[in-house]
Amino acid sequence: MVQSLLNIIKGITNRRVQIAVLVFVGLMVNYMLRININIALVEMTNPNNSFGPYVNWTDYGGEGVSEINANDAEGFVKSAFFIGYVITQVPGGRMAELFGTKKVFGFCMFCCGLLGLLTPLTVNFKSTSLMIWSLFLIRMFQGLFQGVCFPALNPLVAKWSPDGEKGKFMSFSYLGGTFGAVVTYPLCGIILAHLSWSWVFYITSGLTMLWFVCWQCFMYDDPEYDPLISTAEKELILRTRKFDCQQVSEDLTVPLVPLVWDIIKTPAVWVCMLGDFCNGFGLYVLLTEGPDFIANILPVGKSISANGWIAMLPYLSRSIMAQVFGTISDFFIGGGYCERLTMQKICASIGFMIPAIGMVTMSYLTSDKLQFVCIGVLSISFGFNGAILSGHIQNILGLAPNRSGTLYGVTNGFGNLSGYIVPLLKTWVVQDTTSIAEWRDLFLIAAALYIFITVVFCLFASRDVQKFNNQKYDSAVPVDFLSLLRLMRCQNS
């Protein structure tokens, strides 16, 4: 007992653990700002909400607008985030490689939080069309700032995680986003039960600002220059990581466009791009449309607070299972029981196939008597999706340790096209939100994509560091603006 407690205390004092916690909380508030609108919209558009103000979507486009056009307006606003999100993925990864994750991730989250504080002000416009467009633009710019965030983290992981701990490091820190969903849905449900929906945005944005202060005070990009790290831990990280610090100065002059072109031409990258797209599609069906499905199909979901707790359960399960699979993966790889790529394929197959089966199964369990079985199937099956962090997500980092930010920008940018597609596809497939048959069609599409990517990843995923990770470019090729700016800063310092 005492020894276990001492081990926990020792683990907390490890600097890489503290870095992982900062990333975890950063991604938690990141997801809060991303998904708060999904549950807030349920109350915003409810004419009987207790605290107001009421947002009347049916005025969208003029008088005499049908209910379907009102649904289109909601889908329009939901999809706005992902228009911006996709655009900044590649620049975000590159900026982190050049300027460091601390500056890039921190600044973008600060700006996203400010925009969150402005969101409730959009209802003050008397014109419904102007209100919707202002809300659309705020969400789009939030997407622009958040698109930088995940790609910006990969260079940090490459610098801070020893090779033998990569599974645990990524499974814990990157699951901050999933935990953000765990916290946000019930938190928003509680807020909406006692306060106006405006406070959903004020509280989640306020928590983001609090995290930003901690991030600026305690985050360092490189263990080499961190004054808080012990000598022993620093030597452990530098000895066992795959990141090549000698290549950093050379990378300052690498032009973005040729690098991205080399990345896109790489077959192993396309496997990961498809993995991000198919996985993102299934998650956004649950993340973006989950509260709507629960409210309209499950009798227990009629209560806004109950809706929030139910929507949280799959993400709580996913958070737990990600840690389990991260630990199992590191144990089998570190003990020599399983080759890394084989373990990644096993984890990816589990992370894709079980949710596919669960999505289809739960659509047959929505009656009054079986609704709690439906919730159980939904929660448990999506929990296994946490295995992908030790599967295809970890595979991305291994393809290019030094240029993982740019690589992740490409794969995640392509993958998050699904975030734009899902709300629009849902309004076309699910025209009657009370029809389980139409919801089932949407779930079948997501399940089919999960099955497709399982086959593709198992057949074509690569274990090798790809050529573009060390590719040298002719000095005659003009460097891009970001690389030139960073090079000038280095020369002046």
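A quick note: this is a predicted structure, and the numbers were derived from the prediction, not measured. Atom set for the values below is all heavy atoms of this structure, side chains included, hydrogens, waters and symmetry mates excluded.
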Taking every non-hydrogen atom, the tightest pair across Gly351 and Ile388: CA-CG2, 3.8 Å
Centroid-centroid distance, Tyr220 to Tyr225, less than 6.0 Å: no
Sub-4.5 Å side-chain heavy-atom contact between Leu399 and Asn469: no
Ring centers of Phe352, Phe457 separated by less than 6.0 Å: no
Minimum-distance pair of heavy atoms, taken over all atoms of Gly280 and Ser418: C-OG, 3.4 Å
The single option from Phe179, Trp215, Trp211 passing ring-ring contact (aromatic ring centres under 6.0 Å, His included) against Phe24: Phe179
Leu153 side chain near Tyr174 side chain, heavy-atom distance below 4.5 Å: yes
Plane angle bin for Trp439 and Phe293 - parallel if under 30°, tilted between 30 and 60°, otherwise perpendicular: perpendicular
Where Phe150 and Arg34 come nearest, the two heavy atoms and their spacing: CE1-NH2, 3.9 Å
Min side-chain heavy-atom separation Ile445-Val285 under 4.5 Å: no
Ring centers of Tyr337, Phe331 separated by less than 6.0 Å: yes
Backbone of Leu115 reached by a side-chain donor or acceptor of Gln142 within 3.5 Å: no
Check against side chain to side chain donor-acceptor pair (under 3.5 Å), Arg340 and Gln394: CA-CA 10 Å; Arg340 183 175 295 276; Gln394 189 182 122; 2.6 Å; yes
Salt-bridge contact Asp222-Lys159 (side-chain N to carboxylate O under 4.0 Å): yes
Flag side-chain contact, heavy atom, 4.5 Å: Gln18 against Ile229: no
Aromatic ring proximity, centroids under 6.0 angstrom, Phe99 and Phe107: no
Matching residue for Val410 among Asp276, Ile264, Leu259, Ile396 - test: side chain to side chain contact (heavy atoms under 4.5 Å, CB included): Ile264
Under 3.5 Å donor-acceptor, Arg440 side chain and Ser363 backbone: yes
Asn416 (side chain) donor-acceptor with Asn412 (main chain) under 3.5 angstrom: yes
Centroid separation Trp270 to Phe460 less than 6.0 Å: no
Plane angle bin for Tyr284 and Phe82 - parallel if under 30°, tilted between 30 and 60°, otherwise perpendicular: perpendicular
Considering all heavy atoms, the nearest Asp441-Val429 contact: CB-CG1, 3.8 Å
